[in-house]
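Counting begins at 1 with the first residue of the sequence.
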Amino acid sequence: MKILVLNCGSSSVKYQFLDMQDEKVLAKGKVERIGMDDAIFEYKGSAGQEIKEVTPILDHNVAVRKVLAALTDKEHGVISSPDEITAVGHRVVHGGEAFSGSVIIDHEVKRTLRALFDLAPLHNPPNLTGILAVEAALPGVPQCGTFDTAFHSTMPEVAYLYALPYAMYKRHKVRRYGFHGTSHRYVSERAMQLMGPRPNLKLITCHLGNGSSLAAVMDGKSVDTSMGFTPLEGMIMGTRSGDVDPGVFPYIMSREEISMAEISSMLNKHSGLLGISGISSDMRQIEEEMENGNPRAKLAFDMLEYRLRKYIGAYAAAMNGVDGIVFTGGIGENSPVLREKVLRNLSFLGITLDEVANLDRARGERRISGPDSKVEVWVIPTNEELVIARDTRDLVLQMQQGKDQREPDLVGTTAD
Ligand code: ADP
């Protein structure tokens, strides 16, 4: 079974094409600047084939058709016909309270996705546009949606409600949903495999990238996470502020005479590592400048480490203990300096560090805590596309089995 995984943004499509026999990625790439005359199309096949083009790409329909053309291209392709694509899996950002797991996309699911546009106005509309583009290009091919929010649907009320008037939740569904769920699910499941089966295993998963979030995962279920109603709450991120006293917003708005839209842009695009350092949102640059003695870069790094430490401490308290901590995402996987600093500052949890394993980037997935550490600490590279592809495969198989079981009845009914 071969599955195409798509992550459709407002002006981009990222894709991977997998053979589920051995879960091998046959091809991957991205389309950027959709809607522009100088859109970028990139494709890489597993045998080293490459396409890079700057070309007008009017919309997501054209982008999807270009991906299909590359996959079936005589010279660079990995399949001879689009018929070899069994199903398409989509990353969908917001599932609201409607979706607690991945689903086959049908008319009803599309209707619900539209109803959720208000909750994720930047993300869900392009996700649906991608689904419709595939419908047009590959009619009849089953599509599956995997939601960023779904893994956190197990959070209890105490964790997901804000202490606002309850009517705000009832009337407008204002609550914490959490994001990065597919990544937290992948690394927590992998950590459970690596650490061996234990009852009530308590994990804290730290997805640290341009966007960052932590999850408290008990017995395989998310019980709390740091992002909330939107992906702005929680950690200090590349350009996002994370937690801020909401009382600050009307104050800044009146002092600076700026609008709600400008405040929102400040919080989402000009804060975080970039806002504090004044240098960059990129952790590599922050670390480089910190080594060069730049005090604002050091402050940004220290603030991020401090916020991370506080969340780990909070989640250890929320679960009344912690057995394992997992680092993932661009920063989580690649910044030994941050991991070392935060783990040394958490020595009260009985954590010790294996310095060699922490520094050994080449080893990828690995345990970085010492043999005597009371908490196991792991680096586990995330793989959201694989989760989407596996869910799509499982749902398509279920659907096919369901059809096989129903068919004799239907035949019987007709014959009668
Ligand atoms: P996204 O959230 O967009 O998926 P990523 O997970 O790719 O982002 O993470 C991007 C972040 O990872 C950037 O801040 C980048 O600087 C950081 N990063 C990547 N490599 C390293 C490295 N070697 N050391 C420190 N930070 C790194």
Side-chain angles (χ1 to χ4, degrees), residues 7-14 31-39 58-60 91-97 112-130 147-149 152 160-165 167-180 209-213 225-283 286 296 300 303-304 307:
N7 179 353
C8 298
S10 57
S11 64
S12 70
V13 174
K14 292 190 194 121
V31 191
E32 288 174 310
R33 302 170 63 82
I34 294 172
M36 314 287 266
D37 283 342
D38 56 349
L58 184 68
D59 58 21
H60 286 70
R91 174 193 181 208
V92 181
V93 169
H94 216 308
E97 290 189 323
T112 312
L113 284 181
R114 280 199 190 90
L116 290 169
F117 277 5
D118 276 355
L119 287 181
L122 297 180
H123 295 107
N124 275 26
N127 294 159
L128 183 62
T129 306
F147 301 89
D148 268 20
T149 47
H152 303 300
Y160 74 65
L161 282 179
Y162 292 113
L164 294 169
M168 295 300 111
Y169 168 56
K170 283 309 213 194
R171 258 191 249 148
H172 307 297
K173 293 279 178 248
V174 174
R175 51 158 284 180
R176 308 182 61 252
Y177 292 97
F179 298 88
H180 288 148
N210 282 318
S212 297
S213 68
T225 191
S226 59
M227 283 178 170
F229 182 67
T230 73
L232 186 52
E233 191 179 343
M235 276 299 294
I236 292 175
M237 314 185 207
T239 60
R240 283 175 252 170
S241 63
D243 299 332
V244 180
D245 175 358
V248 161
F249 312 141
Y251 184 79
I252 294 184
M253 280 169 76
S254 76
R255 288 289 157 130
E256 294 274 322
E257 295 181 12
I258 58 176
S259 67
M260 203 56 135
E262 285 165 312
I263 273 280
S264 173
S265 161
M266 185 179 94
L267 294 170
N268 280 293
K269 297 186 184 146
H270 306 282
S271 298
L273 289 177
L274 174 67
I276 304 289
S277 69
I279 299 167
S280 170
S281 62
D282 191 306
M283 189 64 157
I286 298 291
R296 292 259 298 279
M303 284 175 68
L304 189 142
R307 180 80 53 96

Subject >> Reported CZ-to-NE2 distance for the pair Phe117 and His123, which is rounded to 0.5 angstrom >> reply: 13.0 Å

Subject >> Closest non-hydrogen atom pair, Met237 against Ser212 >> reply: SD-N, 3.3 Å

Original post:
Is there a donor-acceptor contact under 3.5 Å from the side chain of Arg296 to the main chain of Ile279?
Top reply: no

Original post:
For Ser277 and Ala300, which heavy atoms make the closest approach, and how far apart are they?
Top reply: CB-CB, 4.0 Å

Subject >> Donor-acceptor under 3.5 Å (Asn127 side chain, Cys8 main chain) >> reply: yes

Original post:
Around Lys173, counting heavy atoms of other residues, nucleotides and ligands shown, do more than 12 lie under 6.0 Å from its NZ?
Top reply: yes

Original post:
Will you find, in the side chains of Glu97 and Tyr160, an N or O donor that is under 3.5 Å from an N or O acceptor?
Top reply: no

**OP:** Please check if any side-chain donor atom of Ser265 sits under 3.5 Å from a side-chain acceptor atom of Glu262, or the reverse.
**Re:** no

**OP:** For Ser213 and His180, test the side chains for any donor-to-acceptor distance below 3.5 angstrom and give the result as yes or no.
**Re:** yes

Original post:
Less than 4.5 Å apart, any side-chain heavy atom of Met266 and any of Ser271?
Top reply: yes

Original post:
How far does NZ of Lys269 sit from OG1 of Thr239, to the nearest 0.5 angstrom?
Top reply: 8.5 Å

Original post:
Under 3.5 Å, side chain of Ser281 to main-chain N/O of Leu274, donor-acceptor pair present?
Top reply: no

**OP:** Answer yes or no: does atom CG of Asp245 have more than 12 heavy-atom neighbours from other residues, nucleotides or ligands under 6.0 Å?
**Re:** yes

Original post:
Which distance, rounded to the nearest 0.5 Å, do you find between the NE2 of His60 and the CD1 of Ile34?
Top reply: 4.0 Å

Subject >> Donor-acceptor contact present, side-chain Asp243 to main-chain Gly234, <3.5 Å >> reply: yes

Subject >> Considering all heavy atoms, the nearest Met235-Leu304 contact >> reply: CE-O, 3.8 Å

Original post:
Under the criterion side chain to side chain contact (heavy atoms under 4.5 Å, CB included), which of Val248, Leu267, Asn268, Ile276 is the partner of Ser241?
Top reply: Leu267

Subject >> Point-to-point distance, once rounded to the nearest 0.5 Å, from CZ of Arg240 to CG of Asn210 >> reply: 8.0 Å

Original post:
Is a side-chain donor or acceptor of His94 paired with a backbone partner of Phe179 at a separation under 3.5 angstrom?
Top reply: no

Original post:
Roughly how far, to the nearest 0.5 Å, is CG of Leu128 from OG1 of Thr112?
Top reply: 11.0 Å

Subject >> Flag, side chain of Arg176 to backbone of Met227, donor-acceptor distance under 3.5 Å >> reply: yes

Subject >> Non-hydrogen atoms of Phe147 and Leu113 that approach each other most closely >> reply: CE2-CD2, 3.8 Å

**OP:** Using modelled atom types only, decide if a donor and an acceptor are shared between the side chain of Tyr177 and the backbone of Leu119 within a distance under 3.5 Å.
**Re:** no

Subject >> Flag, side chain of Arg91 to backbone of Asp148, donor-acceptor distance under 3.5 Å >> reply: no

**OP:** Could you tell me the separation between the CD atom of Glu233 and the OG1 atom of Thr225, rounded to the nearest 0.5 Å?
**Re:** 9.0 Å

